[in-house]
**Student:** 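Have a look at this one before I ask anything.
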Amino acid sequence: MEKKTDEYYIREILKGDSGSFSQLVDKYSHLAFSLSMKLLNQSEDAEEAAQDSFIKAYNSLSSFQNSSTFKTWFFRIVYNTSISRLRTRKNNEVKIEDVKISDAEINDTENAIGQLNSEDRQKYLQIGLERLEPDEKALLNMYYFDDFSMDEISSITGLTVSNVKVKIHRSRKKLLYELRFVLKDEVISIL
Amino acid sequence: MIQNDLMKEWFKELPQEKPSPDFNVSVMKRVMTEWSLNPNKYQPMISKKGWWTIALFAFVLTSILFMLHPAMTTGTASTVPSSTIFGYDLLKVFEPVTHILGRLNNVSPAVAVGILAIIALWFFDQLFVRALKR
């Protein structure tokens, strides 16, 4: 079957064919849930946030302008919906603080991760990610997993591009810092 | 850059988190509920672009007709004797008004009715869309 663009489905929905929205749901449900999950860390909460985001997107589709892609516009909704849920839960601002890890330690950790087999790497990476703040996980996920550019992440999160760069850099450093602790006894000492 | 690429590679190895199997169905149920509450939500009679085109067309047509020489001469050819109040010649005071009215004679009644119809259509379109939004 021929794949149509997001813009095509949006036009159809705006003409009154709400069924076309299912195409967008099929296409983005995994990514939306994945981003919510990174922020909220509870699958039920993440599903609710992702569902709410789809409904918000449907209701404000007429205000969507092609100045950004639908994907970026929709992910901004997912991000904001999940962040407000997170805030009501935690009731405080998430701050990404810099950790102290030297370049040599970063290199050691990266080498160690690189030498693991894929299965172990996945395991340790997930443990490391669990130790990060939700905001840090979400930023790393958007950049490294979903392949969003810095500009797109800036548009989704409402942060400036330079702020996004700093936060991703710090989150990455923090992930390696956490991984160093996880791997310390098990792997680095062996190598 | 190489470090970034490595990190990307490692992230790509992670399994994607998946929502429950009935997630898409649940979303579509909620969407259809929203739609059933307001099925005509996204159906304005004429789009914004359409309205701008109509407005531009009406404006150009009216302007062209307005610019034409009047079919009947007014003002200078008047046979009405001039009258003055406190030294002001009333005919001269009202000359610009009669000039505009004379030019308006050029606009065909059909065009005027058409423009009124467009304004009425726009009014009811807005009324309809606002009523649906509520």
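Excluded from the calculations below are hydrogen atoms, water molecules and symmetry mates; all remaining heavy atoms, backbone and side chain alike, are included. Naming convention: chains lettered A, B, ... in sequence-line order (proteins, then strands); numbering from 1 in each chain.
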**Student:** Can the ring centroids of Phe11(B) and Tyr144(A) be said to lie less than 6.0 angstrom from one another?
**Tutor:**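 So the answer is yes for these two rings.
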**Student:** Could you tell me if the side chain of Phe23(B) sits less than 4.5 Å from the side chain of Phe54(A), heavy atoms only?
**Tutor:**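 They are in side-chain contact.
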**Student:** Restricting to non-hydrogen atoms, name the atom on Gly19(A) and the atom on Met28(B) that form the minimum distance, rounded to 0.1 Å.
**Tutor:**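 Residues Gly19(A) and Met28(B), closest heavy atoms: O-CE, 4.2 Å.
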**Student:** Return yes when atom NZ of Lys56(A) has more than 12 non-hydrogen atoms of other residues, nucleotides or ligands closer than 6.0 Å, and no otherwise.
**Tutor:**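 Counting neighbours around NZ of Lys56(A), more than 12 heavy atoms of other residues, nucleotides or ligands fall under 6.0 Å, so yes.
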**Student:** Taking the side chain as every heavy atom from C-beta outward, state whether Lys38(A) and Glu17(B) have any atom pair closer than 4.5 Å.
**Tutor:**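 Result yes, sub-4.5 Å side-chain heavy-atom pair found.
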**Student:** How long is the straight-line distance from CG of Leu24(A) back to CG of Asn24(B), given to the nearest 0.5 Å?
**Tutor:**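 Reported to 0.5 Å precision, the distance equals 11.0 Å.
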**Student:** For residues Phe59(B) and Ile54(B): do they belong to one hydrophobic cluster (side chain heavy atoms under 4.5 Å, members Ile, Leu, Val, Met, Phe, Trp, Tyr)?
**Tutor:**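 The answer is no; the residues belong to distinct hydrophobic clusters.
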**Student:** Is the shortest side-chain N to carboxylate O distance from Lys12(B) to Asp146(A) below 4.0 Å?
**Tutor:**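 No salt bridge links Lys12(B) with Asp146(A).
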**Student:** Evaluate the side-chain proximity of Lys18(B) to Ser34(A): yes if any heavy-atom separation is below 4.5 Å, no if none is.
**Tutor:**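 When only atoms from C-beta onward are counted, Lys18(B) and Ser34(A) do not touch, as no gap falls below 4.5 Å.
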**Student:** For Ser29(A), is it the side chain, the backbone, both or neither that has a heavy atom under 4.5 Å from a heavy atom of chain B?
**Tutor:**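 Ser29(A) touches chain B through backbone and side-chain heavy atoms alike.
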**Student:** Determine whether Val78(A) and Leu39(A) fall in the same hydrophobic cluster, where Ile, Leu, Val, Met, Phe, Trp and Tyr are linked whenever their side-chain heavy atoms lie under 4.5 Å apart.
**Tutor:**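 Linked within one cluster.
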**Student:** Side chain of Glu47(A), backbone of Ser20(B): donor and acceptor closer than 3.5 Å?
**Tutor:**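 A pair under 3.5 Å: yes.
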**Student:** Within 45° of the six-membered ring axis of Phe145(A) and under 6.0 Å from that ring's centre, is NZ or CZ of Lys8(B) located there?
**Tutor:**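 Lys8(B) over Phe145(A) ring: no.
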**Student:** Counting only non-hydrogen atoms closer than 4.5 Å, does Leu129(A) touch chain B with its backbone (N, CA, C, O), its side chain (CB onward), both, or neither?
**Tutor:**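 Interface part for Leu129(A): side chain.
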**Student:** Check whether Phe181(A) and Leu116(A) end up in the same hydrophobic cluster, where Ile, Leu, Val, Met, Phe, Trp and Tyr are linked by side-chain heavy atoms less than 4.5 Å apart.
**Tutor:**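 Yes: a chain of side-chain contacts under 4.5 Å links Phe181(A) to Leu116(A).
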**Student:** I'd like to know if Tyr143(A) and Val161(A) are part of one continuous hydrophobic network [Ile/Leu/Val/Met/Phe/Trp/Tyr, side-chain heavy atoms within less than 4.5 Å].
**Tutor:**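 Linked within one cluster.
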**Student:** Do the non-hydrogen side-chain atoms of Leu6(B) and Glu110(A) ever get within less than 4.5 Å of each other?
**Tutor:**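 When only atoms from C-beta onward are counted, Glu110(A) and Leu6(B) do not touch, as no gap falls below 4.5 Å.
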**Student:** Select one option (side chain, backbone, both, neither) describing which atoms of Ala50(A) are under 4.5 Å from chain B's heavy atoms.
**Tutor:**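 Both parts, heavy atoms under 4.5 Å.
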**Student:** Checking heavy atoms, do the side chain of Leu175(A), its backbone, both or neither come under 4.5 Å from chain B?
**Tutor:**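 Contact with chain B involves the side chain of Leu175(A) alone.
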**Student:** Measuring only between side-chain heavy atoms, which start at C-beta, is Met7(B) closer than 4.5 Å to Leu140(A)?
**Tutor:**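 Counting from C-beta outward, Met7(B) and Leu140(A) never come under 4.5 Å.
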**Student:** Begin from the C-alpha positions of Gln16(B) and Leu31(A) and carry the test side chain to side chain contact (heavy atoms under 4.5 Å, CB included) through to its verdict.
**Tutor:** CA-CA 8 Å; Gln16(B) 192 177 38; Leu31(A) 290 173; 3.6 Å; yes
**Student:** Which distance, rounded to the nearest 0.5 Å, do you find between the CZ of Arg30(B) and the CD of Gln51(A)?
**Tutor:**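 Output value for this atom pair is 5.0 Å.
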**Student:** Would you say Val27(B) and Val25(B) are hydrophobically clustered, going by side-chain heavy atoms of ILVMFWY under 4.5 Å?
**Tutor:**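 Not linked; separate clusters.
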**Student:** Which one wins on heavy-atom pair count under 4.5 Å against chain B: Gln122(A), Met37(A), Gln126(A)?
**Tutor:**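 Looking at each of Gln122(A), Met37(A), Gln126(A) in turn, Gln122(A) comes out on top.
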